[in-house]
Colleague: 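I'd like to ask you about the structure that follows.
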Amino acid sequence: MNWQSFIFGQLSWSDLPHQWFTIGGTGAIFTMLAAVALFLTITKRWQWLWTNWLTSTDPKKIGVMYLVIAFLMFIRGGLDALMIFAQQVVTVGPGYLGAQHGYLDANHFQQIFTAHGDIMVFFVTMGFLFGLINLIVPLQIGARDLAFPFLNSLGFWLYVAGAILINMFFVLGGEFAATGWLAVAPLSELQFQPGVGVNYWIWSLQISGLGTLIGGINFVVTILKMRAPGMTLMRMPMFTWTSLMSMLLVISIFPILAMTIALLTLDRYLGMHFFTLNNAGNQMMYWNLIWMWGHPEVYVLIIPAFGIYSEVVSTFAQKKVFGYPSLVAAAGLITLLSFTVWLHHFFTMGAGADVNAFFGIMTMYIGIPTGVQIVNWLLTMFRGRIRFYSPIYWFFGFISTFTFGGMAGMLMALPPVDFQIHNSLFLVAHFHTMIVGGALFGIFAGFTYWFPKITGFKLNEKLGKYVFWTWLVGFFVSFVPLYILGMMGATRRMDHYSPSTGWQYLFLVSLIGALIIVVAVILQVVQLVVSIKQRKQLRDTTGDPWNGRSLEWSTPSPVPFYNFVVIPQVNSRDAFWEMKQQKNKIPVRYEDIVLPKNTALGIYLASFLFLFGLAMVWQAILFAIIGLVGAVVCVIKRTFAEDTEYVLPAAEVAKLDRQYRLAV
């Protein structure tokens, strides 16, 4: 090894942007960074950004930053989706672009396909959910912060580091993994993917996955140990319950993902043979391990959305949620059963009739507790006085999409049927119906519902309903054709199809649906901008704009950085609702409040791990050592840090509380 390879590894001048998509991607990245830097310089807000936001340990601010990064990644992943739709449209029409099969070659198409899946699962849906959990769960359980404020900051910055790293191929290398979003073996081995694309996949997921695991542990400890006096487990709001279930899944399955990726790393970097086609490697071991993580991960995404729907339905039906114990039991049963269904992803792999039958039956069983929850929500609305605001619209959209997708899932749980539609666009449509119609619609419902609590003013209601209908119509127009195409035999992950199939009109309809969704996203941005301009008219002056039932609505809007002046005493399930009915106000007895100090150490530690990950992508040993040593030093520094908290005196608490009361 010479000194150049020791410092730069495999990196060379030819790895700088030189293709149209890498030049465009790099240009877009640096243009956005330059625009943000220029804005902060002109408005003189660099210090404000650093002090008030980037180094904050306040879970509400960390939650907002999660939402911002997740939305940026949503735009990034959405552009990939549009490129996929456009490629498929132009490749099934006679004579389009000659024999080139569209504007993307096969390898580039597979890279886009892979990036879209990874970004939408790891950096969009997970980011949105972690943002909402940060914002709402401490308030719902009557806590001032999470159990480990520094780890919350670190988890977020590791998520950011992973999000940056998964896009670094635009700047260095020009290629991403062309393997499918789970980097299936042996396709992800060196024999088939000799470049650095899979390396980017490995290290971006390892770094962000570490942040996810840290966050999951933090949320579980917070919910179990930091509830307000009197808040027993069976008095917790449903969103807190489902967040707990989701995070228990996170800490159970993300070590499996980390181990699986580590074994793949050993194959690629040290020539081992865990998943190769030769030397006793076994690709089915990879499939089993990755889906032992992958299918419970689907429930990590969807279970918190179930909690959001419970909160929204109960609030807007103006009734306590029907069958609370059965809802809790259903969420717990879904969590447990999610570990028993992974093998339905490879019914066609020859495991045998007995194995296929077991996993098919378990896949059907998991639909039972899901159905219980839907019945409970419908019974909550029964004889309720439903108020038709935009948050509950998302619930109705969920019912239509999720029921449709659930029936498709039950169909695919039958091994004989799965043999016919396995690996087809039917599966792609089903997955998107469940994740978009279930998790993403739930995120939109929660964002709209809790927006006034976060910002102090509501979103524009009229535009909110336009957003909903555009999303719903666009979704069905886009994905129903994929169900039909799957039944007709269209294989997924294909970069082109023969014109003789006669499928072009269905792909065209699907593209039109995707463009309608683009309009919906634009309307969401417009809604946010208009709402900010109308914030005085839309201002929440009560802290309780929806006549809510749980403790977050007992605080001013926006919520003070200390959350509660006095930690409330909880005496019933719908704690704040009972307080309002009995006209009991939380007694004000000002005391000193101990709060965590801001810290930049999470940024520094995540930056060093980002450097380590990027260096490992290129096998640049010197920079990998620097990154690893820097990370260890940061951990040691934090371990011995003692001055990590400050006291907010009672007199200052009283002054701030009076200011908040006057403001509302």
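For this chain, numbers begin at 1 and follow the sequence in order.
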Colleague: Under the 3.5 angstrom rule, does the side chain of Y269 hit a backbone N or O of M616 as a donor-acceptor pair?
Modeller: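 Side chain of Y269 to backbone of M616: a pair is present.
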Colleague: In the structure I gave you, are the side-chain heavy atoms of F219 and F148 within less than 4.5 Å of one another anywhere?
Modeller: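 Sidechains of F148 and F219: no contact.
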Colleague: Got a donor-acceptor contact below 3.5 angstrom from the Q193 side chain to the A177 backbone?
Modeller: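 Pair absent, no side-chain N/O of Q193 close to backbone of A177.
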Colleague: For residues 7-17, which residue pairs qualify under side-chain hydrogen bond (donor to acceptor under 3.5 Å, both in side chains), counting only residues two or more places apart or in two chains?
Modeller: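 For residues 7-17, and leaving out neighbouring residues, the side-chain hydrogen bond (donor to acceptor under 3.5 Å, both in side chains) pairs sorted by first residue read S12-S14, S12-D15.
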Colleague: Determine whether F85 and S478 make a side-chain contact, defined as any pair of heavy atoms from C-beta on separated by less than 4.5 Å.
Modeller: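 They are in side-chain contact.
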Colleague: Within the 4.5 Å heavy-atom criterion, are L595 and D145 side-chain neighbours or not?
Modeller: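 Of all side-chain heavy-atom pairs linking D145 with L595, none is under 4.5 Å.
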Colleague: Begin from the C-alpha positions of F608 and V629 and carry the test side chain to side chain contact (heavy atoms under 4.5 Å, CB included) through to its verdict.
Modeller: CA-CA 8 Å; F608 279 119; V629 170; over 6 Å; no
Colleague: Tell me which pairs pass side-chain hydrogen bond (donor to acceptor under 3.5 Å, both in side chains) where either residue lies in residues 106-117, with sequence neighbours left out.
Modeller: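 Residue pairs with at least one partner in residues 106-117: there are none.
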Colleague: Tell me, with the steps shown, if W201 and F169 meet ring-ring contact (aromatic ring centres under 6.0 Å, His included).
Modeller: CA-CA 10 Å; W201 182 89; F169 73 91; over 10 Å; no
Colleague: Do the side chains of V525 and F71 get nearer than 4.5 Å, heavy atoms only?
Modeller: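 Yes, their side chains come closer than 4.5 Å.
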Colleague: Quick check on the 6.0 Å ring-centre criterion: do W157 and Y604 meet it?
Modeller: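 No - the distance between ring centres of W157 and Y604 does not fall below the 6.0 Å cut-off.
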Colleague: For T51 and W48, indicate whether the former's side chain and the latter's backbone hold a donor-acceptor pair under 3.5 Å.
Modeller: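 Flag not set: sc T51 to bb W48 has no pair under 3.5 Å.
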Colleague: In Å, rounded to the nearest 0.5 Å, how long is the span from CG of L289 to CD1 of I261?
Modeller: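 It comes to 11.5 Å.
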Colleague: Taking it one step at a time, do Y200 and F176 satisfy ring-ring contact (aromatic ring centres under 6.0 Å, His included)?
Modeller: CA-CA 7 Å; Y200 274 117; F176 190 61; 7.2 Å; no
Colleague: Give the C-alpha distance, both sets of side-chain angles, the deciding distance and a yes or no for side chain to side chain contact (heavy atoms under 4.5 Å, CB included) between F274 and L266.
Modeller: CA-CA 8 Å; F274 291 104; L266 293 174; 3.9 Å; yes
Colleague: Using 30° and 60° as the class limits, which term best fits the ring planes of F130 and Y66: parallel, tilted or perpendicular?
Modeller: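 It falls in the tilted class, 30° to 60°.
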Colleague: If you count heavy atoms of other groups shown closer than 6.0 angstrom to CZ of F30, is the number above 12?
Modeller: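 Count not over threshold, so no.
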Colleague: Taking all atoms of both residues into account, what is the closest heavy-atom pair of A161 and A606, and its distance?
Modeller: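 Taking every non-hydrogen atom into account, CB-O, 4.0 Å.
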Colleague: Let me confirm one number: the CD1-OG1 distance from I290 to T260, rounded to the nearest 0.5 Å.
Modeller: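 If we round to the nearest 0.5 Å, I290:CD1 and T260:OG1 are 5.0 Å apart.
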Colleague: Calculate, to the nearest 0.5 Å, the distance between atoms CD and CG belonging to Q191 and D267 respectively.
Modeller: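 If I round to the nearest 0.5 Å, the distance is 11.5 Å.
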Colleague: Can you tell if the side chain of R268 reaches within under 4.5 Å of the side chain of V198, non-hydrogen atoms only?
Modeller: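 When only atoms from C-beta onward are counted, V198 and R268 do touch, with a gap below 4.5 Å.
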Colleague: What are the two closest heavy atoms between L264 and E189, and how far apart are they?
Modeller: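 Reported closest heavy-atom pair: CD1-OE2, 3.9 Å.
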Colleague: Could you go through W618 and F623, starting from their C-alpha distance and side-chain angles, then the distance that decides it, and tell me whether this counts as ring-ring contact (aromatic ring centres under 6.0 Å, His included)?
Modeller: CA-CA 10 Å; W618 292 97; F623 287 105; over 10 Å; no
Colleague: Would you check if N282 and F275 make a side-chain contact, meaning some heavy-atom pair closer than 4.5 Å?
Modeller: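 Sidechains of F275 and N282: no contact.
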Colleague: What's the verdict on side chain to side chain contact (heavy atoms under 4.5 Å, CB included) for V298 and M434, showing C-alpha distance, side-chain angles and the deciding distance?
Modeller: CA-CA 9 Å; V298 174; M434 306 306 280; 5.6 Å; no
Colleague: Taking the side chain as every heavy atom from C-beta outward, state whether F339 and L249 have any atom pair closer than 4.5 Å.
Modeller: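 Yes, side chains in contact.
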Colleague: If a pair satisfies side-chain hydrogen bond (donor to acceptor under 3.5 Å, both in side chains) and one of its residues is in residues 287-296, list it, with sequence neighbours excluded.
Modeller: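 Found N288-W342, H295-H344, H295-H345.
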Colleague: Quick one: pull up CG in N152 and CG in N134 and give me the separation to the nearest 0.5 Å.
Modeller: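 Interatomic distance, N152 CG to N134 CG, rounded to 0.5 Å: 4.0 Å.
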Colleague: Quick check for you: to the nearest 0.5 Å, what is the distance between S56 atom OG and M65 atom CE?
Modeller: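 If I round to the nearest 0.5 Å, the distance is 6.0 Å.
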Colleague: Start with the C-alpha gap between F122 and I166, add the side-chain angles, then the distance that decides, and say whether side chain to side chain contact (heavy atoms under 4.5 Å, CB included) holds.
Modeller: CA-CA 11 Å; F122 290 98; I166 203 171; over 6 Å; no
Colleague: What closest approach, in Å, do G162 and S208 show between heavy atoms, and which atom pair accounts for it?
Modeller: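 Looking at all heavy atoms of both residues, the closest pair is CA-CB, 4.1 Å.
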Colleague: Do the rings of F431 and W181 sit parallel, tilted or perpendicular, given the 30° and 60° boundaries?
Modeller: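 Answer is tilted, since the angle falls between 30° and 60°.
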Colleague: Can you list every pair that meets salt bridge (Lys or Arg N to Asp or Glu O under 4.0 Å) and has a residue in residues 49-71, with sequence neighbours left out?
Modeller: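 Only D58-K60 qualify under salt bridge (Lys or Arg N to Asp or Glu O under 4.0 Å).
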Colleague: Distance from N598 atom CG to N52 atom CG, nearest 0.5 Å?
Modeller: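 With rounding to 0.5 Å, CG (N598) is 8.0 Å from CG (N52).
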Colleague: Taking T222 for its side chain and L146 for its backbone only, find out whether a donor-acceptor pair lies under 3.5 Å.
Modeller: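 Checked: no pair found.
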Colleague: Taking all non-hydrogen atoms of both residues into account, name the closest pair between S243 and V137 and its distance.
Modeller: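 Nearest heavy atoms, S243 then V137: OG-CG2, 3.7 Å.
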Colleague: Could you tell me whether the side chain of T57 and the main chain of P149 form a donor-acceptor pair under 3.5 Å?
Modeller: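 No: the side chain of T57 does not pair with the backbone of P149.
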Colleague: Which heavy atom of I133 sits nearest to which heavy atom of P138, and what is that distance?
Modeller: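 Nearest pair, atom of I133 first, then P138: O-CD, 3.4 Å.
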Colleague: Under 3.5 Å, is there a donor-acceptor pair between the side chain of S246 and the main chain of T242?
Modeller: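 Side chain of S246 to backbone of T242: no pair is present.
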Colleague: Would you say E297 and M126 make side-chain contact, with heavy atoms under 4.5 Å?
Modeller: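 When only atoms from C-beta onward are counted, M126 and E297 do touch, with a gap below 4.5 Å.
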Colleague: Sub-3.5 Å donor-acceptor pair from the side chain of H496 to the main-chain atoms of M494, do we have one?
Modeller: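 Checked: no pair found.
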Colleague: Would you call the rings of Y159 and F123 parallel, tilted or perpendicular, taking 30° and 60° as the class edges?
Modeller: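 Ring orientation of Y159 relative to F123: tilted.
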Colleague: With sequence neighbours excluded, give me every salt bridge (Lys or Arg N to Asp or Glu O under 4.0 Å) pair touching residues 627-643.
Modeller: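 Qualifying pairs, neighbours excluded: K597-D643.
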Colleague: Restricting to pairs with a member in residues 162-180, which pass side-chain hydrogen bond (donor to acceptor under 3.5 Å, both in side chains), not counting sequence neighbours?
Modeller: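 Listed once each, the pairs are R76-N167.
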Colleague: For the residue pair T125 and L301, what are the closest heavy atoms and their distance?
Modeller: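 Looking at all heavy atoms of both residues, the closest pair is CG2-CD2, 3.8 Å.
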